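Since the model is a prediction, treat every value here as computed from it, not as a measurement. So you know, we letter chains A, B, ... as the sequences are listed, proteins then strands, and number each from 1.
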Protein chains: 2
Amino acid sequence: MLEVPNRDRRAERRSGTRAEILEAARGLCAANGLASLSLRDLARQIGLKAPSLYSYFESKNAIYDAMFAQGCQQLLDERPARIPTDLLDGIRTILGYFVSFCVADPVRYQLLFQRTIPGFEPSAQSYAISQTAMRLTLEWFADHDLDRPEVVDLFTAVGSGIAAQQNSNEPGGDRWTRLVDDAALMFVRHITAGDDQPATPRRKSR
Amino acid sequence: MLEVPNRDRRAERRSGTRAEILEAARGLCAANGLASLSLRDLARQIGLKAPSLYSYFESKNAIYDAMFAQGCQQLLDERPARIPTDLLDGIRTILGYFVSFCVADPVRYQLLFQRTIPGFEPSAQSYAISQTAMRLTLEWFADHDLDRPEVVDLFTAVGSGIAAQQNSNEPGGDRWTRLVDDAALMFVRHITAGDDQPATPRRKSR
DNA sequence: GTCTATATTTGGATAGAC
DNA sequence: GTCTATCCAAATATAGAC
């Protein structure tokens with residue numbers, strides 16, 4: 001008997017259904033809030049009964065975890081192909097990407113960056129993906145001699161702040177997102193400023 | 001009959017119990033998360049049965065609303081008595097107060113500044129209190145000719161970002177809060193910078 | 001893999017006695 | 001005002017037939 005290396009249609013179908021479930025979950029969460037996702041609603045949305053979901057995910061938290069992993073993967077996959085070498089252009093690019101990623105899907109933002117679902121903790125595997133995304137950003141910072149923790153933390157604070165304000169106070173709008181270039185300039189001015197007014201001292205400061 | 005203007009002990013007792021309920025709610029939320037508050041647990045915590053709570057609050061959301069209003073009132077009441085006139089000192093003071101307020105009670109922060117409880121919207125009365133707090137800050141900005149929306153929004157983004165990062169990634173720590181002075185300097189440098197690299201142009205920019 | 005049926009728990013809220 | 005008793009709805013999850 002010849003074993004023809006056929007496509008595994010069963011596996012394809014299965015992972016297709018998994019993707020369908022996650023997509024439906026995304027839609028429901030966007031409509032009703034991340035915390036109010038229910039397996040009944042979710043199953044009905046794709047023409048199944050609730051117990052059938054357990055053939056694809058072992059629990060509700062496993063669905064959250066898959067959404068978390070998917071979100072982290074998107075953060076990785078959709079990142080700018082090349083970050084400009086110029087300091088200001090680079091910061092603008094990174095900051096702009098992060099903010100637009102966060103406001104493009106507030107539910108995803110809540111799941112990835114706020115810790116607000118009572119029983120949910122991402123699995124080690126999922127968390128590792130998010131760590132990879134962070135590491136790639138850190139590399140660019142290191143290439144520009146900006147890998148001091150205070151500098152990186154200040155940068156992430158600026159990005160988080162713009163995203164948080166936009167999503168909390170005016171979801172879907174641009175009142176804060178349009179400040180990205182301005183914020184990038186603010187950050188770059190600060191980290192390139194002279195030491196007459198020491199900001200984030202590279203060494204002991206007094 | 002002489003009507004002696006006695007203290008209304010009944011009203012005192014009632015508002016005392018209301019305060020007790022809110023304090024117990026705060027404790028439970030801090031322990032289990034804002035979203036997982038239950039009326040049964042809450043009542044048990046103060047030696048009552050769940051239905052009795054309805055003598056003090058008409059619904060669970062009314063409890064959330066009272067917590068919201070209380071938080072806003074705290075933001076007002078505990079604000080610095082006097083904000084320094086000097087620009088950098090003033091920004092440092094305002095930013096420092098806001099951030100320490102946010103990280104002092106992450107649950108309160110979540111309730112006031114993130115919109116994450118599925119069915120809850122603050123009442124108009126409660127929301128008005130938070131507006132008052134914002135207005136007072138705006139006045140200081142106006143006194144320094146900084147009341148352009150972009151400047152204020154950039155400032156709130158910086159404050160929110162520090163608080164959000166601290167509460168999400170290291171609740172109770174100081175990895176981000178210790179950056180407050182640095183962030184204040186960054187902000188002030190930016191808004192006082194020359195127009196060679198226009199930041200938040202006061203007038204039309206091209 | 002999907003279903004029906006159900007276990008089990010839990011939640012907010014109400015009725016009515018005391 | 002507080003309680004007991006209860007309603008009603010919803011949730012996650014499992015058992016077992018098909």
Side-chain angles (χ1 to χ4, degrees), chain A residues 7-25 27-29 31-68 107 111 116-123, chain B residues 7-25 27-29 31-68 107 111 116-123:
Chain A
R7 284 156 46 201
D8 187 342
R9 294 187 178 276
R10 189 164 306 169
E12 280 178 16
R13 188 181 169 85
R14 181 180 168 80
S15 77
T17 303
R18 275 180 63 105
E20 206 180 340
I21 291 170
L22 293 181
E23 175 57 25
L28 282 175
C29 289
N32 311 322
L34 186 63
S36 54
L37 177 66
S38 94
L39 298 186
R40 283 177 182 4
D41 290 349
L42 178 53
R44 177 155 25 90
Q45 196 84 155
I46 57 175
L48 288 181
K49 299 295 180 179
S52 303
L53 296 177
Y54 287 85
S55 296
Y56 299 95
F57 296 95
E58 69 176 3
S59 72
K60 183 185 178 180
N61 272 350
I63 295 178
Y64 278 134
D65 192 56
M67 292 170 72
F68 182 94
V107 163
L111 181 61
T116 179
I117 300 296
F120 171 68
E121 291 268 332
S123 65
Chain B
R7 284 159 43 204
D8 186 343
R9 294 188 179 274
R10 189 165 304 169
E12 280 178 17
R13 188 182 167 85
R14 180 181 168 82
S15 78
T17 303
R18 275 179 63 104
E20 207 180 339
I21 291 169
L22 293 181
E23 176 55 26
L28 282 175
C29 288
N32 310 320
L34 185 63
S36 53
L37 177 67
S38 94
L39 298 186
R40 281 166 163 68
D41 289 349
L42 177 54
R44 177 155 25 90
Q45 197 83 162
I46 57 174
L48 288 181
K49 299 295 181 178
S52 303
L53 296 178
Y54 287 84
S55 296
Y56 299 96
F57 296 95
E58 69 176 0
S59 72
K60 183 185 178 182
N61 272 350
I63 296 178
Y64 278 135
D65 192 54
M67 293 170 72
F68 182 94
V107 163
L111 181 61
T116 180
I117 301 295
F120 171 67
E121 291 267 333
S123 65

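Nearest approach of B:E121 to B:D65, heavy atoms of both residues: O-OD1, 4.5 Å. The nearest pair of heavy atoms linking B:S55 to B:R14 is O-NH1, 2.9 Å. Across all non-hydrogen atoms, the minimal contact from A:A66 to A:F57 is CB-CE2, 3.7 Å. Considering every non-hydrogen atom in both A:L42 and A:I63, the closest pair reads CD2-CD1, 3.9 Å. The minimum heavy-atom distance between A:Y64 and A:L34, with the atom names listed, is OH-O, 2.7 Å.
Taking atom CZ of residue A:F57 and atom P of nucleotide D:dT14, one finds them 16 Å apart after rounding to whole Å. With rounding to whole Å, A:R18 atom CZ is found 11 Å from C:dG1 atom P.
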Checklist entry - With the sugar-phosphate defined as primed atoms, P, OP1 and OP2, and the base as all remaining atoms, what B/S/- string results for nucleotides 2-18 of chain C, 5' to 3', for protein heavy atoms under 4.0 Å? => result BBBB-----BBBB----
